[in-house]
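Report on one structure; see the data block that follows.
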Amino acid sequence: MPFLPKSFDFYSGFEQLSTKMTEAAEELIVLLRNGTVNGEQHVKQLKTIENEADHIAHEALERLNKTFITPLDREDIHGLVTALDDVVDLIFACGGRFLIYRPNYLHPAVIPMAEFIRNATKEIYNAIHGMRNTSHRRQVLTHCIEVNRIENSADDQVREGLKDLFANEKDPIELIKIKEVLEMLEETNDACEDVAHRIEGIVLKN
Amino acid sequence: MPFLPKSFDFYSGFEQLSTKMTEAAEELIVLLRNGTVNGEQHVKQLKTIENEADHIAHEALERLNKTFITPLDREDIHGLVTALDDVVDLIFACGGRFLIYRPNYLHPAVIPMAEFIRNATKEIYNAIHGMRNTSHRRQVLTHCIEVNRIENSADDQVREGLKDLFANEKDPIELIKIKEVLEMLEETNDACEDVAHRIEGIVLKN
Amino acid sequence: MPFLPKSFDFYSGFEQLSTKMTEAAEELIVLLRNGTVNGEQHVKQLKTIENEADHIAHEALERLNKTFITPLDREDIHGLVTALDDVVDLIFACGGRFLIYRPNYLHPAVIPMAEFIRNATKEIYNAIHGMRNTSHRRQVLTHCIEVNRIENSADDQVREGLKDLFANEKDPIELIKIKEVLEMLEETNDACEDVAHRIEGIVLKN
């Protein structure tokens, strides 16, 4: 069939994006743990990972527009690629904002929130690496349920963190900084849950 | 046709979700009116309603993935279920955040904003209960237009509320708390408008 | 074919919306440059433009629901109309919020951010006016890439602006006001990039 473009492995695109996602989540924890020591360097590293993810996503979407027969519904591929890319963008944004604000101390909810993100990205990585093989269907769904569970824990954590922050932090500008860092970490956890929902939807449909 | 799953009543799913939405909106008003008296109890009640809505939405979406012939376009059912569930989630989030912040006083724009949400959810409830019957088409659209009108009033209200807040509140942390409560109430009103737009779209298409 | 509604020129709808978008962006710069002098009048003017855009978008979407054969995929038309309308809504919101807050001084990042929006809307205007003619495909894509470049510059600008703001502004309420104005301008730039992505997607697909 000479008019068909060479077939593209969309699953490989998902897998590569999920790798970038876990790399970014690990780098974010290092950045937050070190406070602002070598902060610029860690943000630069996050930016590199984000650019790589952008590149993978862009290529996958371009191939999607040129491919007639796709292994999954076109809008599901588009939605999953975009959702994975969004997680990487948000992780980078968390790191960048943290470095701009340079809060005076590390609030006790920050590292746990970043660890929830890291754990969720690992579950997503495993879910995605099971998608090719329909006999792994049950395990894929188990990983997705685990992401939901993590997101619920992150919700509780951010609620506790904000309660503590508003009870104890009397400097309004410091409060604004920490509040926003916690909320960006929460948003990133939500974005991980969105990825899991999309994977679930795809697996249940096919 | 033995291979088709038992048919599922999607309209009943919409109706049940719209009931949960009105229940949540009423509970939110009670919570806000009582300040923090019995606050934990009211938030727990909101959480219960939110869980019930989640359950209804989840079942409807799962059935959607297994049903070959649907009464409306698949993506319209998915969009409406998700949008209704989002409203319930946001109402719960408003209540939860209010209780975390425990502002020192009830700003005069708070209850009116919650009443707009309550009024909008009632209109949506009525719109949705008219969807089954194509002869009620005109009334359904009238309810949707009313939701738009309410959302415009809520926009004006929040603008006035923020103007007043920034003119009079000199404590920055108190200002942050009230500002965010008002903005979450506004976001919930926007989510009600989104539901109305989806109902309109469905009715105009069919 | 008497049962088909009179055909509707969707490209003309896109073009009209892109005109409203550039008008709104110019008006926003005037409003911000003048501080609060004649502020109410400029916001009223923005509201008029926003209403006109709403009207155009509403008509296009209604025609989309009644048209059997569309020049582009139905969901692409819907997505582009909504995305263009969102930009106009956000420009109006920036102006409205600026007037509510009336910051004590014009932060040096504000006008550059509004100019990025103005430049992006001009590129979008040109991209959209090239969409009808497939021989202009390459120029259309060049305009879209330019919008991406502008959005990256706006990201850098807002990051620098916030860094400066948190380093120098000691009044927390003033800081809240300026921070939110900058973030709304950033969100509007993001919405311009979203329009560009949709145009790219449409052009690559067809």
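Since the structure is predicted, the reported quantities are computational estimates derived from the model, not experimental observations. Throughout, a chain's letter reflects where its sequence line sits, starting with A, and its residues are numbered from 1.
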Quiz item: Highest number of heavy-atom pairs under 4.5 Å with chain B: which of A:Ile176, A:Ile173, A:Leu162, A:Asp155?
Solution: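 Sorted descending by pairs with chain B, the first entry is A:Leu162.
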Quiz item: Which residue out of A:Lys170, A:Arg159, A:Lys205 racks up the most heavy-atom pairs below 4.5 Å with chain B?
Solution: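 If we count pairs closer than 4.5 Å to chain B, A:Arg159 comes out on top.
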Quiz item: Mind checking whether B:His107 and B:Tyr105 have parallel, tilted or perpendicular rings, split at 30° and 60°?
Solution: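 The arrangement is tilted - the two ring planes meet at 30° to 60°.
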Is a side-chain donor-acceptor pair under 3.5 Å present for [Y] with [X]?
| X | Y | answer |
| --- | --- | --- |
| B:Asp164 | B:Asn168 | yes |
| A:Glu23 | A:Thr19 | no |
| A:Asp85 | A:His58 | no |

Quiz item: Are B:Lys179 and B:Glu169 within salt-bridge range, i.e. N to O under 4.0 Å?
Solution: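 Judged by the 4.0 Å cut-off on N to carboxylate O distance, B:Lys179 and B:Glu169 do not form a salt bridge.
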Exercise. Heavy-atom distances under 4.5 Å only: say whether B:Glu180 touches chain A with side chain, backbone, both or neither.
Key: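 Contact with chain A: side chain only.
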Exercise. Pick one of side chain, backbone, both or neither for B:Arg102, based on which atoms fall under 4.5 Å of a heavy atom in chain A.
Key: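 Interface part for B:Arg102: neither.
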Practice problem: Could you tell me which portion of A:Leu165 (side chain, backbone, both or neither) has an atom closer than 4.5 angstrom to a non-hydrogen atom of chain B? | Solution: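 A:Leu165 has no heavy atom closer than 4.5 Å to chain B.
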Practice problem: Please look at A:Leu175 and chain B and tell me whether the side chain, the backbone, both or neither of the residue comes under 4.5 angstrom of a heavy atom of that chain. | Solution: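 Contact with chain B is through the side chain of A:Leu175 alone.
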